Protein chains: 2
Amino acid sequence: MTVTVSAPERLIRIGEVARGAGVSVRAVRYYEQQGLLIAERSPSGQRLYRQDAIPLVRFFQEMFAAGLTSRRITELLPCWDSGHTDAEQRAMLRAERERIQAKIDDLQATLDHLDEVIAITDTHP
Amino acid sequence: MTVTVSAPERLIRIGEVARGAGVSVRAVRYYEQQGLLIAERSPSGQRLYRQDAIPLVRFFQEMFAAGLTSRRITELLPCWDSGHTDAEQRAMLRAERERIQAKIDDLQATLDHLDEVIAITDTHP
DNA sequence: CTTGCCTCTGACGCTGGCGTCAGGTTTTAG
DNA sequence: CTAAAACCTGACGCCAGCGTCAGAGGCAAG
């Protein structure tokens with residue numbers, strides 16, 4: 001039988017999270033307000049995060065860039081960080097996947113359109 | 001020598017433009033306010049458009065979906081509807097093309113990311 | 001003529017992801 | 001010990017692309 005002595009994980013403060021993830025401190029506080037990121041508090045009230053908060057914030061940025069709202073992300077978080085998801089959550093996950101795929105297809109079509117215009121304007125000054 | 005008698009093109013009103021392009025009447029007025037779409041006026045003050053306003057509005061929607069602002073679109077309009085563009089405009093056009101391509105690449109990476117999560121949540125209920 | 005739909009001009013509201021300022025406490029470096 | 005840097009809680013501001021409401025005029029049909 002093995003006993004896992006939880007390694008005294010070094011907790012970091014909000015500034016380090018922000019710099020590590022390339023966002024502003026304000027943004028990290030906002031994520032907490034939206035329920036995306038829960039922080040412990042030091043006795044004096046400062047937010048304390050585990051290191052994996054940094055990749056998590058990067059993940060949020062990725063989802064924002066893909067057009068998801070913070071509410072939607074909170075609904076999908078169980079799929080991400082826990083090993084237990086229900087059918088509804090997996091369905092939402094696939095639905096978002098489809099939305100993103102559709103967006104990619106739209107952008108690709110737009111790109112092709114633009115390329116035509118570029119070709120015309122280049123050959124026909 | 002040929003004389004081009006301009007065909008008495010049927011002008012349409014704002015509602016027909018909106019329905020044709022799948023946007024709201026309010027949106028079409030907004031485009032005019034932003035300088036995207038200039039309309040003639042009937043004696044009573046109603047906006048009158050040529051039929052090609054409909055594909056033009058569709059084009060605006062495509063650009064909005066690709067992340068361009070209305071200001072940016074006005075700057076690019078000469079590339080689109082006239083046969084005369086300068087070097088600066090063609091450069092902007094290519095720059096936007098690159099932006100969209102980068103966006104597509106980002107979204108594709110996000111999609112791959114999501115597919116991994118989906119695979120995990122599906123095999124590991 | 002009137003009914004009903006379309007159009008007009010303001011002008012305020014909304015959404016989301018923050019920026020930014022104010023005014024105060026805490027931690028850290030020297 | 002002290003000054004700078006980092007952190008805290010509100011709370012207002014911003015932008016862009018419209019939605020929406022108010023109040024008034026235009027236009028074809030019966």
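Values reported hereafter were calculated over all heavy atoms of this structure, with side chains retained and with hydrogens, waters and symmetry mates removed. Bear in mind the structure is a predicted one, so any value in this text is a computation, not a measurement. Proteins come first, then strands; the chains are lettered A, B, ... in the order of their sequence lines, and each starts at number 1.
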*Criterion side-chain contact (heavy atoms from CB on, under 4.5 Å) on B:Thr74 and B:Gln34, from CA distance to verdict*: CA-CA 8 Å; B:Thr74 59; B:Gln34 300 305 304; 5.7 Å; no
*Please lay out, stage by stage, how B:Glu96 and B:Lys103 fare under the test salt bridge (charged side-chain N to carboxylate O under 4.0 Å, His left out).*
CA-CA 10 Å; B:Glu96 292 299 336; B:Lys103 208 165 186 171; over 6 Å; no
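- Nearest nucleotide to the B:Arg13 side chain, out of C:dC6, D:dC7, C:dC8: C:dC6.
- Near DNA chain C, defined here as any heavy-atom distance below 4.0 Å, there are no residues from residues 30-38 of chain B.
- A 4.5 Å side-chain heavy-atom check between B:Val23 and B:Val17 finds every atom pair outside the cut-off.
- With contacts defined as side-chain heavy-atom distances shorter than 4.5 Å, the pair A:Val117/A:Thr121 qualifies.
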Distances under 3.5 Å between nitrogen or oxygen atoms of protein and nucleotides 24-26 of chain C:
from   : atom 1 : to      : atom 2 : distance (Å)
C:dT26 : O3'    : A:Ser44 : OG     : 3.3

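- B:Arg10 and B:Gln51 share no donor-acceptor pair across their side chains, judged by distance under 3.5 Å alone.
- The CD-P distance, from A:Glu62 to C:dG17, rounds to 16 Å in whole Å.
- Counting all heavy atoms, side chain and backbone alike, A:Leu77 lies closest to A:Leu36 at CD1-O, 3.6 Å.
- A distance-only check finds no donor-acceptor pair linking the side chain of A:Arg29 to the backbone of A:Ser24 [under 3.5 Å].
- Between the CD1 atom of B:Ile14 and the C1' atom of D:dG25 there is a distance of 16 Å, given to the nearest Å.
- Ring pair A:His113/B:Trp80: centre-to-centre distance not below 6.0 Å.
- There is a side-chain donor-acceptor pair under 3.5 Å between A:Gln46 and A:Arg13.
- With rounding to whole Å, B:Leu11 atom CG is found 14 Å from D:dC27 atom P.
- Put simply, CG on A:Leu68 is 13 Å from P on C:dC18, counting in whole angstrom units.
- Following rounding to the nearest Å, B:Met63 (CE) and D:dA16 (P) show an atom-to-atom distance of 18 Å.
- Side-chain atoms of B:Gln89 come within 3.5 Å of backbone N or O of B:Asp86 as a donor-acceptor pair.
- Of the side-chain N and O atoms in B:Arg47, none sit less than 4.0 angstrom from OP1 or OP2 of C:dT7.
- Straight-line distance from the CZ atom of B:Arg29 to the P atom of D:dA16: 22 Å, rounded to whole Å.
- Note: A:Phe64 and A:Tyr31 meet the aromatic proximity criterion, with ring centroids under 6.0 Å apart.
- In plain terms, the two heavy atoms of A:Glu32 and A:Ala39 that are nearest each other are OE1-CB, 3.8 Å.
- A heavy atom closer than 4.0 Å to some atom of DNA chain C occurs in A:Ser24, A:Arg26, these being the qualifying members of residues 19-26 of chain A.
- What separates CZ of A:Phe64 from C1' of C:dT15 is a distance of 14 Å, to the nearest Å.
- OP1 or OP2 of C:dT9 sits under 4.0 Å from a side-chain N or O of B:Arg41.
- Between A:Thr69 and C:dG17 there is no side-chain N or O to OP1 or OP2 distance below 4.0 Å.
- In this structure, A:Leu48 reaches neither bases nor backbone, as no heavy-atom distance under 4.0 Å exists between it and the strands shown.
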